[in-house]
Amino acid sequence: MLKKPGAIIFDLDGVLTDTSEYHYQAWKHLADDEGIPFTHEENDEHLRGVSRRESLMYIIRGRQYSEDQIQEMMDRKNRYYHDLISHMSPNDLLPGGRALLQEIRDAGIKVAIGSGSKNCRMVLDLLQITDLLDGIADGNSVVNGKPAPDLFVYAAGLVNIPVAVCLGVEDADAGIEAIKSAGMQALAIGPQERFHRADKILPTLANKHLQDLLD
Ligand code: BG6
Ligand code: MG
C-alpha cells in the first residue's frame, strides 16, 4: 500500500503512451543504416528511459565516430522518430489515461510529467493532455538524465510539493532508480523482473483508477 501523495509525476514514453516502441524502431533504423547489430532485447534492457546521447553511445560502443558524426546520427534518429510519431493522436494515449489524470486532479493531487525526452511537449500536444498537467519536466529541463534524480526533483519543484510526498511512475528501471534516489515512492509499470527498487509494480496502467495505483 502506498501513501496518498501530494503529487504524481508520470514518465511519458512507455507509461502514458507506447512511444517506447517508436524510439526502438528509430534507433533500429539508424543502426541498420550504419550496419550495427541492435536488437529489441538490447533496447529493453539498456535503452529504456535513457537519454538520446547515452542511447547512441550504447549503440556505437567500441566504434570510432567524430562529434560531428555523433550529432548527425542523433539528428537522423530524431527525424526517424518524428516520422513515426507524426500520426499520433489522442487515440494513442493509454486507455483510460485521460480519466485517470482527471481523477487524480479531482482528488486534489498535482499531476506532473518527468520525461527525459526533448520531444515530450510535442507528444503531450499530440495526445492532447497538456491541459491536465500542473508541471512538465522534460529532456530540456536538467543536465543529468535518469538514473540521476534531477528530473524528478525538478518536477516536484515545479508543482511545489516536497519530494517525500511525491509518487513517481516509470516503465524503466533507470527511471525507478531516479525516483528512489529523489526520495520518492516509486510505482513501476511493466514485468516484475525488469525492476530492482520499486515500491509497487503493475503490469500496465491501462484502465486503472487512482486507488489501483495506491492499493
Ligand atoms: C525517454 C525514452 O523518455 O526519452 C528514451 O524512454 C529516449 O527511449 C529518451 O531515448 C530521449 O528522448 P528524445 O525524444 O529526447 O530523443
Ligand atoms: Mg519510459
Side-chain angles (χ1 to χ4, degrees), residues 9-61 63 65-95 97-98 101 111-133 135-146 148 150-151 154-155 158 169-172 174-175 178 189-190 205-206:
I9 304 168
F10 289 91
D11 172 44
L12 175 63
D13 297 317
V15 170
L16 293 178
T17 182
D18 240 347
T19 36
S20 46
E21 182 58 26
Y22 296 145
H23 278 293
Y24 163 69
Q25 287 176 19
W27 283 128
K28 179 67 181 156
H29 192 163
L30 180 89
D32 287 351
D33 288 350
E34 299 295 317
I36 301 174
F38 178 57
T39 65
H40 212 295
E41 290 67 40
E42 279 183 290
N43 183 77
D44 259 27
E45 209 171 312
H46 299 284
L47 301 195
R48 204 172 265 275
V50 169
S51 74
R52 195 181 305 173
R53 178 176 284 270
E54 283 178 53
S55 299
L56 180 61
M57 289 306 152
Y58 172 82
I59 291 169
I60 65 170
R61 66 196 180 285
R63 294 171 174 81
Y65 288 102
S66 68
E67 178 55 27
D68 282 355
Q69 287 174 310
I70 287 169
Q71 273 303 334
E72 185 280 322
M73 285 192 282
M74 289 195 293
D75 292 346
R76 191 168 3 132
K77 183 269 179 174
N78 203 42
R79 283 201 302 279
Y80 295 151
Y81 183 68
H82 279 184
D83 288 347
L84 289 164
I85 64 171
S86 60
H87 65 273
M88 280 181 74
S89 74
N91 290 332
D92 295 289
L93 182 62
L94 157 94
R98 202 172 169 89
L101 296 180
V111 179
I113 297 292
S115 165
S117 172
K118 293 190 162 84
N119 293 296
C120 176
R121 282 172 188 270
M122 184 190 296
V123 172
L124 292 172
D125 285 344
L126 288 163
L127 297 174
Q128 294 180 22
I129 53 170
T130 308
D131 60 312
L132 290 173
L133 304 171
I136 300 169
D138 68 12
N140 301 301
S141 304
V142 298
V143 173
N144 300 314
K146 302 167 188 178
D150 306 31
L151 200 55
Y154 184 88
L158 286 179
V169 186
E170 261 291 346
D171 70 311
I189 308 299
L205 206 54

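Residue numbers run from 1 in the order of the sequence given.
When atom types are taken as modelled, the side chain of Glu54 and the backbone of Ser51 share no donor-acceptor pair closer than 3.5 angstrom. The closest donor-acceptor contact from the side chain of Asp44 to the backbone of Glu41 lies at 3.5 Å or more, if one exists at all. Thr39 places a side-chain N or O within donor-acceptor distance of the main-chain N or O of Glu42, the cut-off being under 3.5 Å. No donor-acceptor pair closer than 3.5 Å links the side chain of Arg98 to the backbone N or O of Leu93.
In this structure His46 satisfies the ring-ring contact (aromatic ring centres under 6.0 Å, His included) test together with Tyr58, sequence neighbours excluded. With sequence neighbours left out, Tyr24 forms a ring-ring contact (aromatic ring centres under 6.0 Å, His included) with Phe38, His40. Remark: Glu72 pairs with Arg76 by the side-chain hydrogen bond (donor to acceptor under 3.5 Å, both in side chains) rule, at least two apart or across chains.
The two residues Leu94 and Val15 make their nearest non-hydrogen contact at CD1-O, 3.9 Å. Closest heavy-atom contact between Met88 and Leu126: O-CD2, 3.6 Å. Counting all heavy atoms, side chain and backbone alike, Ala137 lies closest to Ala155 at CB-CB, 3.8 Å. When all heavy atoms are compared, the tightest approach of Val142 to Asp150 is CG1-O, 3.9 Å. Closest approach of Asp138 and Ser117 over heavy atoms only: CB-O, 3.4 Å. The two residues Ala178 and Lys146 come nearest to each other via the heavy atoms CB-CG, 4.0 Å.
Of the inter-residue distances, the one linking Ser141 atom OG with Ile113 atom CD1 reads 11.5 Å to the nearest 0.5 angstrom.
Residues Asp92 and Tyr22 have side chains that never bring a donor and an acceptor to within less than 3.5 angstrom of each other. Judged purely by distance below 3.5 Å, without hydrogens or angles, the side chains of His82 and Asn119 pair a donor atom with an acceptor atom.
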**Q.** Worked verdict on Leu127 versus Leu12 for side chain to side chain contact (heavy atoms under 4.5 Å, CB included)
**A.** CA-CA 11 Å; Leu127 297 174; Leu12 175 63; 4.2 Å; yes
Q | Candidate pair Leu56 and Ile70, rule side chain to side chain contact (heavy atoms under 4.5 Å, CB included), full reasoning | A | CA-CA 8 Å; Leu56 180 61; Ile70 287 169; 3.8 Å; yes
Q) Does the pair Ile59 and Leu30 meet the rule for a side chain to side chain contact (heavy atoms under 4.5 Å, CB included), with working shown? A) CA-CA 10 Å; Ile59 291 169; Leu30 180 89; 5.5 Å; no
Q: Go through His23 and Leu84 one step at a time and tell me if the side chain to side chain contact (heavy atoms under 4.5 Å, CB included) criterion holds.
A: CA-CA 9 Å; His23 278 293; Leu84 289 164; over 6 Å; no
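When side chains are defined from C-beta on, Met74 does not count as touching Asn78, because their heavy atoms never get closer than 4.5 Å. Side-chain contact between Glu34 and Tyr65 is present, with heavy atoms from C-beta onward closer than 4.5 Å.
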